[in-house]
Chemist: 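If you scroll down you'll find the structure; I have some questions about it.
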Protein chains: 2
Amino acid sequence: MQLPPLKSLLYFKHAAELGSFKLAAEQLYVTQAAISQQIRSLETHLGCVLFERHTRKICLTAKGKLLLPHIRKAFEHLNHGVQVIEEDPQPSVLNLSVLPSFATCWLLPRISSFQRQHPHIRVRIDPSDSLVDFDAGEADLGIRFGKGHYPGLHSEVLASDDMLLAYKPGLIDPLKPLNEQIKSNHLIMDICPDAERAWRILFDKLALTDVLQPHFLEIDNAALVMQATLAGQGIGMLRRQLIQPQLDLAQLEIHPEFEVACDYQYYLAGPVGHFNWHKVKLFRTWLLGQFNSL
Amino acid sequence: MQLPPLKSLLYFKHAAELGSFKLAAEQLYVTQAAISQQIRSLETHLGCVLFERHTRKICLTAKGKLLLPHIRKAFEHLNHGVQVIEEDPQPSVLNLSVLPSFATCWLLPRISSFQRQHPHIRVRIDPSDSLVDFDAGEADLGIRFGKGHYPGLHSEVLASDDMLLAYKPGLIDPLKPLNEQIKSNHLIMDICPDAERAWRILFDKLALTDVLQPHFLEIDNAALVMQATLAGQGIGMLRRQLIQPQLDLAQLEIHPEFEVACDYQYYLAGPVGHFNWHKVKLFRTWLLGQFNSL
DNA sequence: TCTATGCTTAAGTTTTTCTAATGTAAAAAC
DNA sequence: GTTTTTACATTAGAAAAACTTAAGCATAGA
């Protein structure tokens, strides 16, 4: 016994319960045409008409009325099953998977505010370069710097960022041409696409093509780049979000003539179900608040 | 509460019940890779592992065991609902939608054999050029001559066919060149892609480009083309399946030098559910038997 | 140790589903 | 009795999901 396309059954349920394709479309975040097509496909598959179409409303036919309760029951079971699975196994522990540099420069300096607000939640931060295995329960949520394409996971943008030229106050004189400053200082480079791109853009802008390789200090971690910059070892190409605390404290300065928007953005990502967990909702709210207060 | 992709739940059910992705794949007529991918997508979506993978078998994890009974129940309801809808409303009446020419030349001469075999089934034949509206219950099954693409419907090939040059015995002398015969007789043409194509192939083969238009008698129905041919009004381009009875009775002859396979084939088509109906199963068996006995 | 089995992964293709634009018919408003 | 509005239908083309093929990998069993 061949089942019809399952999605068409879901659409049927919504349309039947709301008595309207239009409302079902809104509820399901698709266009009305999508509903219309799925219902038609279901009807073709079953070989019978399920709705009487009137101009301003639809009614279930006899066959439709026969079908609805079964479909409804079926989806109740599916929902319940998924709900059982998706229950939070440890409501009082929040496991975050975060990029090492973001953890060091952004999250750690701010997390105490979250802990003060929600003292009953224990926060664990797992710094890792790649997304962890959510399936294995290794983390509840991830914060990533990327393009937002995390197949199978729910994700939302947190913020954009810019690459800035940063240095220890006094290291260079912002009134002298940038050109000169670049040539006469060490350049501290993070090995990451956005930083490399920003350097390239800067060089193009200054028409510098002959910068020597040894001029660069390459470090594979933005937090260490910042540390080196803080120590006055040269000029760093750093993300604004990561150095904001240092800028506020005037431990770093940025050159006023340079700024490049990053290709990547910060994303919050994780399995859809996790976003219903209480601890996750609290953290998400706090996180968005932190980004928006800047 | 966001449901996972519904198809992945179906695959999960099969895999869990069979304890094997491979067997599930066979049961669902897909490759084992498809199962593996769907299960992974489900796991990613739920954020937990559902199967322990061992080398030669898989086992449900605790979460998987929790999920299975709900999913199973859900699909039982879906199946039952669809079954209720798909019950045959008139088990003793078989409504066939058939092309007019096929009805006249093929089905009607043979249908009495089916009626003798199954006297309790009343057969109704609805000759129509286009597929009827199965949704409205206008027909149980359709027999079409086409490419087998009937979206939303189940279809299966019944037979292929060839276009032949047919004429009343004695009208032409098969030993004289075909070339001459074509020029000196009326040509009776059906307005249908396969017939037109066959005439074109014939003309190309005979290097005839100067055949005059009035030479042709155009008739928009293969049954009438046959009738005109039977009456000796000219040479017809006809499908073997349609003229077999006349060939057997020597009421028509075919030219031995010409035969072109049709692009189209005969298909049996209808909503999937109809193929479970008793009367449909009987008719299908009979129909296949008729085609195979040729 | 070697082989065979069954799951995984990756790339590319096919199929399905969706959107956007437009059409249509009837109810509601004027 | 028109005109407008509303909700569903239809279409073509774009986007997303699912599938297949082919290769890889780990391990149970010979």
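Any value given below was found using the heavy atoms of this structure, including those in side chains, with hydrogens, waters and symmetry copies removed. A, B, ... follow the sequence lines: proteins, then strands. Residue 1 opens every chain.
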Chemist: Could you verify whether a donor N or O on one side chain and an acceptor N or O on the other, from A:Q265 and A:S160, lie under 3.5 Å apart?
Modeler: yes
Chemist: Whole angstroms only, please: what is the CZ-C1' distance between B:R40 and D:dC19?
Modeler: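 The distance from CZ of B:R40 to C1' of D:dC19 comes to 17 Å, rounded to the nearest Å.
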Chemist: What is the distance from CD of A:E26 to P of D:dT6, rounded to the nearest Å?
Modeler: 13 Å
Chemist: Just compare C:dT19, C:dG6, C:dT8 and give me whichever is closest to any side-chain atom of A:T31.
Modeler: C:dT19
Chemist: Using a cut-off of 6.0 Å, state whether more than 12 heavy atoms not belonging to B:K73 lie near its atom NZ.
Modeler: no
Chemist: Under 4.0 Å from OP1 or OP2 of D:dC8: is there any side-chain N or O of A:S36 that close?
Modeler: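 False: A:S36 side-chain N/O out of range (4.0 Å or more) of D:dC8 OP1/OP2.
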Chemist: Using atom CG of B:L6 as one end and atom P of C:dT17 as the other, report the distance to the nearest whole Å.
Modeler: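 Atom-to-atom, B:L6 to C:dT17, this comes out as 11 Å.
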Chemist: In terms of side-chain heavy atoms of A:S20, which of C:dT17, C:dC7, D:dC8 is nearest?
Modeler: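 From the listed options, D:dC8 comes nearest.
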Chemist: To the side chain of B:K7, which of D:dA18, D:dT10, D:dT20 is closest?
Modeler: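 My answer, after comparing the listed nucleotides, is D:dA18.
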Chemist: With no hydrogens and no angle check, just 3.5 Å: does a side-chain donor-acceptor pair link B:S155 and B:R144?
Modeler: no
Chemist: Kindly say whether B:G81 contributes a backbone atom to a donor-acceptor pair with the side chain of B:E86 at under 3.5 angstrom?
Modeler: no
Chemist: Scan A:I35 against the nucleic acid and name what it touches under 4.0 Å (heavy atoms): base, sugar-phosphate only, or nothing.
Modeler: nothing
Chemist: Rounding to a whole Å, what distance do you find between B:Y29:OH and D:dT20:P?
Modeler: 13 Å
Chemist: Near DNA chain D, under 4.0 Å by heavy atom, which residues of residues 48-55 of chain A?
Modeler: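 Residues of residues 48-55 of chain A that come under 4.0 Å of DNA chain D are, in numerical order, A:R53, A:T55.
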Chemist: Would you mind telling me which of C:dA20, C:dC7, D:dA9 lies closest to the side-chain atoms of A:A33?
Modeler: C:dA20
Chemist: Write down the distance between CG (B:L10) and C1' (D:dA18), rounded to a whole number of angstrom.
Modeler: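 The answer, rounded to whole Å, is 13 Å.
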Chemist: Below 6.0 angstrom between ring centroids: does that apply to A:F283 and A:W277?
Modeler: no
Chemist: I want to check a possible cation-pi pair here: B:R239 against B:F145, using under 6.0 Å from ring centre and within 45° of the ring axis as the test.
Modeler: yes
Chemist: Does B:Q32 make a side-chain N or O approach to OP1 or OP2 of C:dT8 shorter than 4.0 Å?
Modeler: no
Chemist: Would you kindly give the CZ-to-P distance between B:F21 and D:dT20, to the nearest whole Å?
Modeler: 16 Å
Chemist: B:Q37 has a side chain; which of D:dC8, D:dT20, D:dT10 sits nearest to it?
Modeler: D:dT20
Chemist: Looking at C:dT17, C:dT8, C:dA4, which one has an atom nearest to any side-chain atom of B:R56?
Modeler: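 Minimum distance to the B:R56 side chain belongs to C:dA4.
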Chemist: In whole angstroms, how far is the P atom of C:dT15 from the CD atom of A:Q38?
Modeler: 17 Å
Chemist: Heavy-atom nearest nucleotide on DNA chain C for B:I58 versus A:S8: which residue maps closer to 5'?
Modeler: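 Looking at DNA chain C, the more 5' nearest nucleotide goes with B:I58.
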Chemist: Closest approach to the side chain of A:A34, judged atom by atom: which nucleotide of C:dC18, C:dG6, D:dT10 is it?
Modeler: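 Within the option list, the nearest is C:dC18.
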Chemist: With a 6.0 Å cut-off on ring centres, are B:Y11 and B:F21 close enough?
Modeler: no
Chemist: Is there a side-chain contact between B:Y11 and the phosphate of D:dC19, meaning an N or O under 4.0 Å from OP1 or OP2?
Modeler: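 It does, given that an N or O in the side chain of B:Y11 lies less than 4.0 Å from OP1 or OP2 of D:dC19.
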Chemist: Would you please indicate yes or no on a ring centroid separation below 6.0 angstrom for B:H70 and A:H77?
Modeler: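 Not close enough - the centres of the two rings lie 6.0 Å or further apart.
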Chemist: Could you check how far CG of B:L42 sits from C1' of D:dA18, rounded to whole Å?
Modeler: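 Distance, rounded to whole Å: 15 Å.
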